Amino acid sequence: MTQPILSIKDLSVRIAGLHILQGVSFDVAGSGVTVLLGRNGVGKTTTLRAVLGLTPRGGEVRGTVTIGGRDITDQATYRVVRDGLGYVPEDRGVFAGLTVAENLRLAERRGSAPAYGRVFELFPELDRRAKQRAGSLSGGQQQMLAIGRILLNDNRLLLIDEPTKGLAPKVVTEVAEVLERVAVEVPVLLVEQNLAVVRRLARDAVVLDAGRVAWTGDAGRLLSEAELTRSLLGVGSSGVHA
């Protein structure tokens with residue numbers, strides 16, 4: 001087992017008077033995919049955003065976040081990104097009025113050569129649609145663009161929030177195949193509700209419930225025990241939690 005690339009210790013987040021995260025602690029291994037699971041509203045997206053320093057103005061954050069052993073808790077988001085964290089938000093966050101090429105160009109990180117060859121090998125559709133406005137792309141194509149932007153740069157860790165949400169089954173398979181290839185080179189902290197995708201990609205699992213860590217361990221074990229999956233996630237191990 002490799003040393004953790006990301007460590008979250010006693011992370012608490014209050015937003016608009018609501019105690020969203022209540023002392024969350026877990027590690028993300030330095031290789032492979034760690035999946036963050038839980039019912040809707042338990043704090044999965046808030047956890048990712050807190051790591052990146054994206055909690056809303058006026059929100060209160062306590063606890064410690066380290067990457068590679070270095071404390072990034074109070075760093076500005078742009079510094080965290082420059083430190084090698086790539087982020088794909090749940091809503092994809094593409095600039096609808098800009099072309100595919102312009103979206104990619106904005107993601108280029110200063111001081112490093114953008115890996116367009118890697119992006120277009122994984123997502124040839126982006127190369128073919130370089131001049132098309134992102135807002136006119138299908139949901140699956142927008143997700144490819146959102147993932148492609150972070151793959152332009154070398155990263156130490158990827159944070160990816162529900163990449164298959166709302167996608168057609170064929171596109172879900174395509175996205176899962178790309179993430180499987182990417183995870184060979186860079187560790188991933190993944191929020192995902194499709195348990196078939198989790199089963200394919202994840203080695204480690206962290207389950208949140210009511211803002212706290214309810215379970216950590218081997219993802220395969222979690223999904224192989226139907227009663228455990230049902231009690232923690234509210235679905236059978238073969239289901240898809242929406």
Side-chain angles (χ1 to χ4, degrees), residues 1 4-30 32-56 59-67 72-73 80 85-91 157-166 179 183 187-242:
M1 181 69 70
I5 183 64
L6 178 73
S7 291
I8 297 172
K9 303 295 184 187
D10 200 27
L11 183 64
S12 294
V13 176
R14 290 181 182 271
I15 300 174
L18 299 176
H19 202 174
I20 308 297
L21 299 181
Q22 304 178 37
V24 166
S25 298
F26 65 88
D27 292 334
V28 174
V33 175
T34 298
V35 65
L36 189 59
L37 297 168
R39 295 176 173 87
N40 290 333
V42 298
K44 303 184 297 296
T45 293
T46 299
T47 299
L48 299 191
R49 291 179 63 83
V51 168
L52 286 155
L54 288 173
T55 48
E60 179 185 353
V61 181
R62 295 183 179 180
T64 304
V65 178
T66 59
I67 180 168
I72 63 168
T73 309
V80 174
L85 267 71
Y87 176 51
V88 178
E90 181 182 1
D91 62 1
L157 174 66
L158 302 181
L159 310 179
I160 304 180
D161 196 353
E162 296 204 37
T164 69
K165 182 178 179 180
L179 294 180
V188 176
L189 176 58
L190 175 70
V191 173
E192 180 55 68
Q193 305 283 28
N194 187 317
L195 296 188
V197 173
V198 172
R199 184 177 290 104
R200 174 172 181 165
L201 297 179
R203 182 181 65 198
D204 305 308
V206 179
V207 180
L208 297 185
D209 185 28
R212 301 178 183 272
V213 174
W215 191 90
T216 61
D218 182 84
R221 182 200 156 201
L222 172 63
L223 296 182
S224 68
E225 298 184 19
E227 187 56 40
L228 181 61
T229 305
R230 189 174 295 107
S231 67
L232 291 170
L233 304 178
V235 295
S237 58
S238 61
V240 177
H241 178 48

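Everything numeric here is computed off the predicted structure, so don't read it as measured data.
Residues Val191 and Thr47 fail the side-chain proximity criterion, which asks for heavy atoms closer than 4.5 Å. Residues Leu233 and Leu37 are in side-chain contact: their nearest non-hydrogen atoms beyond the backbone lie under 4.5 Å apart. Here the side chains of Leu36 and Phe26 are in contact, with some heavy-atom distance below 4.5 Å. Looking at heavy atoms from C-beta onward, Gln193 lies in side-chain contact with Asn40 at the 4.5 angstrom threshold. Contact annotation: the side chain of Pro163 never approaches that of Val88 to less than 4.5 Å [non-hydrogen atoms, C-beta and beyond]. For the pair Leu222/Thr229, a side-chain contact is recorded, criterion being any heavy-atom separation below 4.5 Å from C-beta on. Between Val35 and Leu201 there is no side-chain heavy-atom pair separated by less than 4.5 Å.
Without hydrogens or angle criteria, Arg49 side chain to Leu54 main chain gives a donor-acceptor distance under 3.5 Å. Of the possible donor and acceptor atoms, one in the side chain of Thr73 sits under 3.5 Å from a partner among the backbone N and O of Val65. Panel note: side chain Lys44, backbone Arg39; a donor-acceptor pair is recorded below 3.5 Å. Looking at Glu192, its side chain does come within 3.5 Å of a backbone N or O of Asn194 through a donor-acceptor pair.
Scanning all heavy atoms of the two residues, the minimum distance from Ala202 to Ala219 falls at O-CB, 3.7 Å. Closest of all the heavy-atom pairs between Val51 and Val80 is O-CG1, 4.2 Å. The shortest non-hydrogen separation linking Val13 to Ala50 is CG2-CB, 4.1 Å. The shortest heavy-atom contact between Arg203 and Asp218 is O-OD1, 3.6 Å. Here the closest non-hydrogen pair linking Pro187 and Ala29 is CB-O, 3.5 Å. For Val207 against Gly38, the heavy-atom pair with the smallest separation is CG1-CA, 4.5 Å.
For the atom pair Leu21 CG and Ile15 CD1, the distance stands at 7.5 Å (nearest 0.5 Å). Note: Gln22 CD to Asp209 CG = 10.5 Å, rounded to the nearest 0.5 Å. Atom-to-atom distance recorded for Glu162:CD and Thr45:OG1 is 6.0 Å, nearest 0.5 angstrom. Rounded to the nearest 0.5 Å, atoms CD1 (Ile67) and OG (Ser7) are 10.0 Å apart.
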Discussion item. The test is side chain to side chain contact (heavy atoms under 4.5 Å, CB included); show your working for Val61 and Leu11 and say whether it passes.
Written reply: CA-CA 7 Å; Val61 181; Leu11 183 64; 3.8 Å; yes

Fill in: Criterion side chain to side chain contact (heavy atoms under 4.5 Å, CB included) on Val198 and Leu223, from CA distance to verdict
CA-CA 9 Å; Val198 172; Leu223 296 182; 3.8 Å; yes

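Between Asp27 and Lys9 a salt bridge is recorded (basic side-chain N to carboxylate O distance below 4.0 Å).
Within a 6.0 Å sphere centred on CZ of Arg62, other residues, nucleotides and ligands contribute 12 heavy atoms or fewer.
Partner of Leu48 under the side chain to side chain contact (heavy atoms under 4.5 Å, CB included) criterion, chosen from Leu85, Ile160, Leu189: Leu189.
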